[in-house]
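Input: a single structure, listed below in structure tokens.
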Protein chains: 2
Amino acid sequence: MRKSREAAAESRRAIVETAAALLRERGLGVGLTEIMAAVGMTHGGFYRHFASKEALVAEALEQALDEKAATLAPQPGRPAREALRDYVALYLSQAHLDHPEKGCPIAALGSEAARSPDSARALAAGAEQLAACFAKDLGGDPIEARRQAVAMLAAMVGAVVIARAAGDSPLRGEMLDAVRADPAFRALLDD
Amino acid sequence: MRKSREAAAESRRAIVETAAALLRERGLGVGLTEIMAAVGMTHGGFYRHFASKEALVAEALEQALDEKAATLAPQPGRPAREALRDYVALYLSQAHLDHPEKGCPIAALGSEAARSPDSARALAAGAEQLAACFAKDLGGDPIEARRQAVAMLAAMVGAVVIARAAGDSPLRGEMLDAVRADPAFRALLDD
DNA sequence: ATTATCTATAGATCTATAGATAATGC
DNA sequence: ATTATCTATAGATCTATAGATAATGC
């Protein structure tokens, strides 16, 4: 049942993509058997593509975070501040709470990832990337923009983590509202 | 090797306390065998005290969060705002980053707990409790105090989650500094 | 007699590896 | 001939339970 070189590369890509979604949905404890089954393969084939589960996890997180940062990249003819505004609005939305598998890996996996070095490194690199994009898009004094970018990232991640844990209690929506109404966020979102 | 009723109650208390620390240190994946061994018992004795692992986890998280909220309780002859200031200063400290086992369960377990209903309920109840204490201690207009309390909680949790994932990169300290320097936090911390 | 704890184990995971299979690519 | 994938399995977990043991508490 061997596949062509091209098809094998596609298998690899599918494993990373599927892992990126399943990890965010179910956590770092999700098994290789389940990931491979979701791709349509058996777990035995895994080690032709990756050295270890940890290697896959790191690659999946990196890719997911790069995709997120890419949506913040400057687009010709569109103000950077607008791209940031849309990013923040989507981040602080019910849709984001409901779909961790497509959402921010830091919010979905932050507390667990801090305990496994490779995952932590991937998340930290992503956080740094996001903070740098935020600061650039905010503009103004670079030092204050950087500080505000880092503080905004903290508030966004914390709001989504707590709101998700809140289930369907009132705190769920209140978390999003309270952060959106904070001065720095209002200035951006009301633009 | 049976123990007295009193000693059995002490065993139960020790299991909850040990679990509260180990869960925050190692995550929800920590095994009953390890928890019981840390208490000085074998895993076989566990089910005389608890119906399931999940029941222990919920109880351990509840207790840890109650302890946290208790440090915010009003003390005779001490301004509420001062208690809140100290709480926030400790929360946003290197010591808190370095000792998750004694720290905030929401920051230590937030993203994983969101996936297991009982744990999520415990964390959400704790978050609500903290938000209510914050709002009361902030004083002023109740609506705005509540909003600010919720937003501060989000920023604090997010900052600790990201800072812990950041390992020893510069982002670790920057996270704490950026949130501390945010207007609402400065107003409180500079008192 | 009751019961807190222990030993032992069932049954279900999980990561990783070994060896077989069958299709690609030379 | 090479190699992508599969089957099968080793070895190490993990939660939960069954039954034995021995000390408490009546």
| query | Any sub-3.5 Å donor-acceptor pair from A:R180's side-chain atoms to A:R186's backbone N or O? | reply |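 Not confirmed, A:R180 side chain does not pair with A:R186 backbone.
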Report, one line per pair, each donor and acceptor closer than 3.5 Å where one atom sits in a side chain of residues 70-80 of chain A; sequence neighbours left out.
residue	atom	partner	partner atom	Å
A:T71	OG1	A:K68	O	2.8
A:R78	NE	A:E82	OE1	3.4
A:R78	NH2	A:D86	OD2	2.4

| query | Taking NZ, NE, NH1 and NH2 as the nitrogens, is one of them in B:E59 or B:R12 under 4.0 Å from a carboxylate oxygen of the other? | reply |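 A salt bridge links B:E59 with B:R12.
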| said: Walk me through whether B:R172 and B:D98 qualify under salt bridge (Lys or Arg N to Asp or Glu O under 4.0 Å). | reply: CA-CA 11 Å; B:R172 184 181 180 85; B:D98 290 336; 2.9 Å; yes
| CZ-CG distance between A:R85 and A:L189, expressed to the nearest 0.5 angstrom |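 Those atoms lie 8.5 Å apart.
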| Where does DNA chain D form stems of at least three consecutive Watson-Crick or G-U wobble pairs, each pair having both distances below 3.5 Å? |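 Stem list for DNA chain D: C:1-24 with D:1-24.
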| request: May I have all residue pairs that pass side-chain hydrogen bond (donor to acceptor under 3.5 Å, both in side chains) and include part of residues 153-169 of chain B, sequence neighbours excluded? | output: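 For residues 153-169 of chain B: none.
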| message | I need the residues from residues 7-20 of chain B with at least one non-hydrogen atom less than 4.0 Å from DNA chain C; give them sorted by number, or say none. | response |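 Hits under 4.0 Å, by residue number: B:A8, B:S11.
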| task | For DNA chain D, find the residues of residues 24-39 of chain B with a heavy-atom distance under 4.0 Å and give them by number; none if there aren't any. | result |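 Contacting residues: B:V30, B:G31, B:L32, B:T33.
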| Within residues 46-64 of chain B: residues closer than 4.0 Å to DNA chain D (heavy atoms) |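 The answer is B:Y47, B:S52, B:K53.
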Side-chain polar contacts of residues 137-161 of chain A - donor-acceptor pairs under 3.5 angstrom, sequence neighbours left out - could you list them?
residue	atom	partner	partner atom	Å
A:D141	OD2	A:E144	N	3.1
A:E144	OE1	A:R147	NE	3.1
A:E144	OE2	A:R147	NH2	3.0
A:R146	NE	B:E174	OE2	2.6
A:R146	NH1	A:E128	OE2	3.1
A:R146	NH2	A:E128	OE1	3.0
A:R146	NH2	B:E174	OE1	2.7
A:R146	NH2	B:E174	OE2	3.4
A:R147	NH1	B:A178	O	2.9
A:R147	NH1	B:D182	OD1	2.7
A:R147	NH2	B:D182	OD1	3.1

| Which pairs count as ring-ring contact (aromatic ring centres under 6.0 Å, His included) when at least one residue sits in residues 107-142 of chain B, sequence neighbours excluded? |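 Output for this query lists B:Y87-B:F134.
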Under 3.5 Å, which N/O atoms of the protein pair with N/O atoms of nucleotides 24-26 of chain C?
residue	atom	partner	partner atom	Å
C:dT24	O2	A:R2	NH1	2.2
C:dG25	OP1	A:R5	N	3.1

Tell me which donor-acceptor pairs under 3.5 Å the side chains of residues 30-48 of chain A have, and how far apart each pair is, sequence neighbours excluded?
residue	atom	partner	partner atom	Å
A:E34	OE1	A:R26	NH2	3.2
A:E34	OE2	A:R26	NH1	2.4
A:E34	OE2	A:R26	NH2	3.4

Atom pairs and distances, side-chain donor-acceptor, residues 103-115 of chain A, under 3.5 Å, sequence neighbours left out:
residue	atom	partner	partner atom	Å
A:S111	OG	B:S111	N	3.0
A:S111	OG	B:S111	OG	2.5
A:E112	OE1	A:L28	N	3.1
A:E112	OE2	B:R115	NH1	2.9
A:E112	OE2	B:R115	NH2	2.9
A:R115	NH1	B:E112	OE2	2.8
A:R115	NH2	B:A108	O	2.6
A:R115	NH2	B:E112	OE2	2.9

| task | State which residues pass salt bridge (charged side-chain N to carboxylate O under 4.0 Å, His left out) with B:R5; sequence neighbours excluded, sorted by chain then number. | result |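 Counting only residues at least two positions away or on another chain, B:R5 forms no salt bridge (charged side-chain N to carboxylate O under 4.0 Å, His left out).
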